[in-house]
Amino acid sequence: MECITLGKLCGHKGRGGQFMSEPTLKTPWHLWVVGGLSLLWNAFGCYDFSMTATNNAAYLEPYPQEIRDYWLNMPVWVWAIWAIGVFGSLLGSIALLLRRKFAYPLFAASFLAALISMGRSLTDKDAPTMEGQMMMSLVILAIIALLALYARWLSRRDVLR
């Protein structure tokens, strides 16, 4: 009657003929901190996308007309990639807080979409530039990459199911 599985179903029938269940891993405190902060960060990204996509005059007012015109005339595929990036990250944050393994692929897809979107705008010769644009792009990519790696690390430790 040997049943050493370290947290996995063992196939050994315990009392009453039922299978022994997996012990529940305690959610680490840092998951709530990282998940909560990432939810706020990514919610703002979705807000920014939504305000830009709907051409919200009050939101876009601080930006020069040249930049607003560029954004509003981007091809549909660029809007789609941007949407995948921001909403994928938001869903990744929600999945992280729900302790779901699919947080990692959501963050990874978001990173890839952000890389394509930002790479396109940085290499477009007709794109107007803003002060700090490159730095902000790098910060966004770094945050998404760190969130993806964090979700992958938690998955490998069986914190995410």
Side-chain angles (χ1 to χ4, degrees), residues 8 22 24-161:
K8 302 292 179 200
E22 290 186 42
T24 305
L25 291 174
K26 184 178 176 187
T27 304
W29 64 269
H30 49 83
L31 182 141
W32 302 117
V33 173
V34 172
L37 290 173
S38 74
L39 185 67
L40 292 173
W41 169 263
N42 291 314
F44 178 77
C46 292
Y47 174 76
D48 178 60
F49 172 84
S50 299
M51 292 294 105
T52 306
T54 59
N55 196 17
N56 184 289
Y59 184 78
L60 296 173
E61 192 263 325
Y63 295 99
Q65 188 63 44
E66 179 186 22
I67 290 176
R68 292 189 306 222
D69 290 342
Y70 177 78
W71 286 335
L72 297 175
N73 291 308
M74 290 188 303
V76 172
W77 72 267
V78 176
W79 285 100
I81 294 291
W82 186 10
I84 290 167
V86 294
F87 289 101
S89 258
L90 181 68
L91 291 173
S93 295
I94 292 168
L96 191 62
L97 289 168
L98 294 173
R99 294 180 56 195
R100 298 292 181 231
K101 284 187 186 262
F102 57 87
Y104 171 67
L106 286 167
F107 284 130
S110 177
F111 178 81
L112 183 60
L115 195 61
I116 293 168
S117 176
M118 292 174 190
R120 186 247 180 216
S121 67
L122 292 172
T123 58
D124 185 355
K125 295 175 184 143
D126 297 326
T129 58
M130 293 186 312
E131 185 178 332
Q133 176 182 352
M134 176 65 84
M135 182 55 74
M136 191 61 188
S137 294
L138 293 174
V139 167
I140 290 168
L141 288 170
I143 289 171
I144 300 170
L146 289 172
L147 287 170
L149 292 172
Y150 179 71
R152 185 172 178 218
W153 177 70
L154 289 176
S155 292
R156 288 184 170 187
R157 295 189 62 207
D158 289 330
V159 173
L160 305 182
R161 334 179 258 284

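No side-chain donor-acceptor contact under 3.5 Å links S89 to the backbone of V86. Checked by atom type and distance alone, the side chain of S110 never pairs as donor or acceptor with a backbone atom of L106 at under 3.5 Å. Side-chain atoms of R68 come within 3.5 Å of backbone atoms of L60 as a donor-acceptor pair (strictly under, hydrogens ignored).
Nearest approach of F107 to N42, heavy atoms of both residues: CE2-ND2, 4.2 Å. Residues P128 and E66 approach most closely at CB-CD, 3.7 Å, considering heavy atoms. Taking each heavy atom of L160 and A103 in turn, the nearest pair found is CD1-CB, 4.5 Å. Heavy-atom minimum distance, D48 versus W82: OD2-CZ2, 3.6 Å. Counting all heavy atoms, side chain and backbone alike, Y104 lies closest to A148 at CD1-O, 3.1 Å. Between S38 and L96 the shortest heavy-atom distance is OG-CD2, 4.5 Å.
Using a 30° and 60° split on the angle between ring planes, F44 and Y59 fall in the tilted class, from 30° to 60°. In this structure, F49 and W79 have perpendicular ring planes: the angle between them is above 60°, well past the 30° mark.
Rounding to the nearest 0.5 Å places OH of Y150 at 4.5 Å from CG of L31. Here the straight-line distance linking atom CE of M136 with atom CD of E131 works out to 14.0 Å at 0.5 Å rounding. Going from atom CE of M134 over to atom OG of S137 covers 7.0 Å, rounded to the nearest 0.5 Å. The CG atom of L138 sits 11.0 Å away from atom CD1 of I143, with the distance rounded to the nearest 0.5 Å. Atoms OH and OG1, from Y47 and T52 in turn, are 9.5 Å apart once rounded to the nearest 0.5 Å. How far CG of L146 is from CG of L149: 6.5 Å, rounded to the nearest 0.5 Å.
Inter-residue side-chain proximity for I116 and W77 is flagged as met; some heavy-atom pair is nearer than 4.5 Å. Between H30 and L154, the closest side-chain pair of non-hydrogen atoms falls below 4.5 Å. No side-chain heavy atom of M74 sits under 4.5 Å from any side-chain heavy atom of S117.
Shown here is M130, whose CE atom has more than 12 heavy atoms of other residues, nucleotides or ligands within 6.0 Å. Environment of CD in Q65: crowded, with over 12 heavy atoms of neighbouring residues, nucleotides or ligands closer than 6.0 Å.
D126 and Y70 share no donor-acceptor pair across their side chains, judged by distance under 3.5 Å alone.
Salt-bridge check for R99 with D158: failed, with every basic side-chain N at 4.0 Å or more from each acidic carboxylate O.
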Stepwise side chain to side chain contact (heavy atoms under 4.5 Å, CB included) test for S121 and W71: CA-CA 10 Å; S121 67; W71 286 335; over 6 Å; no
Pair K101-R161, side chain to side chain contact (heavy atoms under 4.5 Å, CB included): steps then yes or no: CA-CA 5 Å; K101 284 187 186 262; R161 334 179 258 284; 5.5 Å; no
From CA spacing to verdict: side chain to side chain contact (heavy atoms under 4.5 Å, CB included), L122, Q133: CA-CA 9 Å; L122 292 172; Q133 176 182 352; 3.9 Å; yes
